[in-house]
Amino acid sequence: MSNLKIATTIKEVRDTVKEWKSQGLTVGLVPTMGYLHEGHGSLIKTSASECDKTVVSVFLNPTQFAPNEDLESYPRDFEQDKVLCEKMGADLVFHPEVSEMYEQDNATFVEILSEMPKQLCGKTRPIHFRGVCTVVSKLFNIVTPDKAFFGEKDAQQLAIIKRMVRDMSYGIEIVGCPIIREEDGLAKSSRNTYLNEEERKAALCLSKAIFFGQSLVEKGETNANKVLGEMKNLINKEPLARIDYVEAVDGVTMMPVDKIEKDTLVAMAVYIGKTRLIDNFSVK
């Protein structure tokens with residue numbers, strides 16, 4: 001018999017977490033948009049190992065999609081999501097309707113008013129991080145976790161959430177978890193399902209460029225323009241690829257840098273056909 005509890009209302013989540021906390025248990029949160037893969041699985045597993053109880057939110061958040069983006073076509077499979085959550089050790093899945101998360105006349109948003117959200121993905125997705133910060137802050141208020149777990153593949157999102165937590169005094173520990181890759185190197189993503197066979201092969205230019213850039217840095221190259229130039233050349237050899245950006249930024253502020261050193265983030269977004277994929281590496 002399954003021990004995994006499914007909650008569709010905020011009240012159910014609050015009541016369950018209140019009961020856990022009355023027992024002195026620690027709570028981890030893994031926020032997701034559903035269509036879970038091994039990358040999400042690693043976050044859930046890490047939370048289950050570090051916290052007494054783990055809540056996974058499965059909510060396709062409309063406020064982080066612009067009208068021309070893929071909200072309607074974004075893949076969904078809640079039955080499979082539940083299987084993965086249980087397998088990886090989750091205790092509660094929060095799967096609300098949009099109407100449960102947002103009132104019809106909702107007019108309050110959480111937004112970072114610095115240059116941070118305007119860099120990288122924010123250049124072409126200007127409302128995206130406002131939507132992310134709003135939904136994550138709502139989930140923090142609903143679940144009141146001790147720790148929350150996010151993937152390092154979404155490096156800009158991770159940095160922005162860390163800043164929000166600091167600025168808003170949430171008192172939640174944000175844990176970044178490593179990128180999980182397919183055997184051939186492609187970073188796992190729900191959007192990989194959009195790729196046809198030819199595009200799937202073409203998509204390997206992202207991870208190849210990442211590994212090549214990493215190797216240059218490991219050999220001592222610190223000139224950001226040189227590393228980025230080599231990575232772009234590699235991607236541009238793939239006819240189906242169209243670069244959105246390939247940039248080196250400070251891993252905390254997200255502002256561009258000329259020199260690659262400790263805590264530099266090298267990040268990219270590349271269109272393979274109509275599908276926009278991201279990947280990155282950080283200099284430790």
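All values reported here derive from a predicted model rather than from experimental measurement.
Remark: Arg242 is positioned above the aromatic ring of Tyr271, its terminal NZ or CZ atom under 6.0 angstrom from the ring centre and at most 45 degrees off the axis.
Residues Asp279 and Ser207 bring no donor and acceptor atom of their side chains to less than 3.5 Å of each other. A donor-acceptor contact under 3.5 angstrom links the side chains of Asn61 and Gln64, judged on distance only. Side-chain N/O atoms of Asp146 and Thr26 include no donor and acceptor closer than 3.5 Å. With 3.5 Å as the limit, one finds a donor-acceptor pair spanning the side chains of Glu19 and Gln23. Of the N and O atoms on the side chains of Thr9 and Glu12, at least one donor lies less than 3.5 Å from an acceptor on the other residue.
The structure places OG of Ser189 at 11.0 Å from CD1 of Ile179, a figure rounded to the nearest 0.5 Å. From Cys121, atom SG reaches atom CZ of Phe129 across 5.0 Å, with rounding to the nearest 0.5 Å. In this structure, OG1 on Thr144 lies 11.5 Å from CG on Leu139, to the nearest 0.5 angstrom. Interatomic distance, Met88 CE to Thr46 OG1, rounded to the nearest 0.5 Å: 10.0 Å. For the atom pair CZ of Arg181 and CZ of Phe211, the computed distance is 4.0 Å after rounding to the nearest 0.5 Å. Taken to the nearest 0.5 Å, the CG atom of Leu265 stands 6.5 Å off from the CG atom of Leu120.
The main-chain N or O of Cys133 is found under 3.5 Å from a side-chain atom of Ser137 such that the two form a donor-acceptor pair. With hydrogens and angles ignored, the 3.5 Å screen pairs a side-chain donor or acceptor of Asp250 with a backbone N or O of Thr253. No donor-acceptor distance shorter than 3.5 angstrom exists from the side chain of Glu50 to the backbone of Ser47, with no hydrogens or angles considered. Judged by distance alone, the side chain of Asn192 and the main-chain N or O of Ala187 form a donor-acceptor pair under 3.5 Å. Gln157 places no side-chain N or O within donor-acceptor distance of the main-chain N or O of Asp154, the cut-off being under 3.5 Å. Checking side-chain atoms of Gln119 against main-chain N and O of Glu115 turns up a donor-acceptor pair under 3.5 Å.
Shown here is Glu198, whose CD atom has no more than 12 heavy atoms of other residues, nucleotides or ligands within 6.0 Å. Within 6.0 Å of the CD atom in Glu97, the count of heavy atoms belonging to other residues, nucleotides or ligands does not exceed 12. Around atom NZ of Lys201, no more than 12 heavy atoms belonging to other residues, nucleotides or ligands sit under 6.0 Å away. Heavy-atom contacts from other residues, nucleotides or ligands closer than 6.0 Å to CG of Asn106 number more than 12.
By the rule that hydrophobic residues join a cluster once side-chain heavy atoms approach within less than 4.5 Å of another member, Leu234 and Phe281 end up as members of one cluster. One hydrophobic cluster, built from ILVMFWY side chains closer than 4.5 Å, holds both Val143 and Val135. Hydrophobic clustering (ILVMFWY, side-chain heavy atoms < 4.5 Å, transitive): Phe65 and Met101 are in distinct clusters. Residues Ile278 and Phe212 are members of separate hydrophobic clusters, defined by side-chain heavy-atom contacts under 4.5 angstrom among Ile, Leu, Val, Met, Phe, Trp and Tyr. Taken together through direct or relayed side-chain contacts under 4.5 Å among Ile, Leu, Val, Met, Phe, Trp and Tyr, Leu25 and Val93 form parts of separate hydrophobic clusters.
For the pair Lys153 and Lys188, the tightest heavy-atom approach, listed with the atom from each and the gap, is CE-O, 3.1 Å. The two atoms that bring Thr264 and Ala248 nearest to each other are CG2-CB, 4.2 Å, heavy atoms only. Of all the heavy atoms in Cys205 and Ala241, the pair that sits closest is SG-CB, 3.9 Å. Taking both residues in full, the closest heavy atoms of Gly34 and Val58 are given as CA-CG1, 3.7 Å, listed atom of the first, atom of the second, then distance. Taking each heavy atom of Thr108 and Thr134 in turn, the nearest pair found is O-CG2, 4.0 Å. In terms of heavy atoms, His37 sits closest to Ser190 at CD2-N, 3.5 Å.
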- Message: Set out, in order, the CA-CA distance, both residues' side-chain angles and the distance that settles side chain to side chain contact (heavy atoms under 4.5 Å, CB included) for Arg191 and Leu277, then state yes or no.
- Response: CA-CA 7 Å; Arg191 288 189 169 98; Leu277 301 175; 4.3 Å; yes

- Using the side chain to side chain contact (heavy atoms under 4.5 Å, CB included) rule, take Asp263 and Val252 through it: C-alpha gap first, then chi angles, then the decisive distance, then the call. CA-CA 8 Å; Asp263 295 328; Val252 175; 5.6 Å; no

- Message: Could you go through Tyr35 and Thr193, starting from their C-alpha distance and side-chain angles, then the distance that decides it, and tell me whether this counts as side chain to side chain contact (heavy atoms under 4.5 Å, CB included)?
- Response: CA-CA 10 Å; Tyr35 209 74; Thr193 56; 3.4 Å; yes

- Please walk me through it: do Lys123 and Glu247 pass salt bridge (charged side-chain N to carboxylate O under 4.0 Å, His left out)? CA-CA 12 Å; Lys123 288 179 182 175; Glu247 291 188 34; 2.9 Å; yes

- Start with the C-alpha distance between Phe150 and Leu29, add both sets of side-chain angles, then the distance that settles side chain to side chain contact (heavy atoms under 4.5 Å, CB included), and finish with yes or no. CA-CA 9 Å; Phe150 294 86; Leu29 170 66; over 6 Å; no

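The side-chain heavy atoms of Met164 and Phe140, taken from C-beta on, include a pair separated by under 4.5 Å. Using a 4.5 Å cut-off on side-chain heavy atoms (C-beta onward), Val98 and Phe59 make contact. Considering only heavy atoms from C-beta on, Met231 stays 4.5 Å or farther from Lys226 through its side chain. Two residues are said to be in side-chain contact when any heavy atoms from C-beta on lie closer than 4.5 Å; Ile210 and Lys208 fail this criterion. Residues Pro96 and Ile10 fail the side-chain proximity criterion, which asks for heavy atoms closer than 4.5 Å. Within the 4.5 Å cutoff, the side chain of Leu158 has heavy atoms near those of the Lys162 side chain. When side chains are defined from C-beta on, Val132 counts as touching Ile161, because their heavy atoms get closer than 4.5 Å. For the pair Asn236 and Ile243, the minimum side-chain heavy-atom distance is below 4.5 Å.
Using a 4.0 Å cut-off between charged side-chain N and carboxylate O, Lys138 and Glu100 make no salt bridge. Using a cutoff of 4.0 Å between basic side-chain nitrogens and carboxylate oxygens, Arg200 and Asp184 are scored as salt-bridged. Using a cutoff of 4.0 Å between basic side-chain nitrogens and carboxylate oxygens, Asp70 and Lys274 are not scored as salt-bridged. Remark: Lys5 does not engage Asp91 in a salt bridge, criterion side-chain N to carboxylate O under 4.0 Å.
Taking the six-membered ring where tryptophan is involved, the planes of Phe78 and His95 are essentially parallel, since the angle between them stays under 30° and well short of 60°.
Listed by chain and number, the residues in a ring-ring contact (aromatic ring centres under 6.0 Å, His included) with Tyr194 amount to none (sequence neighbours excluded).
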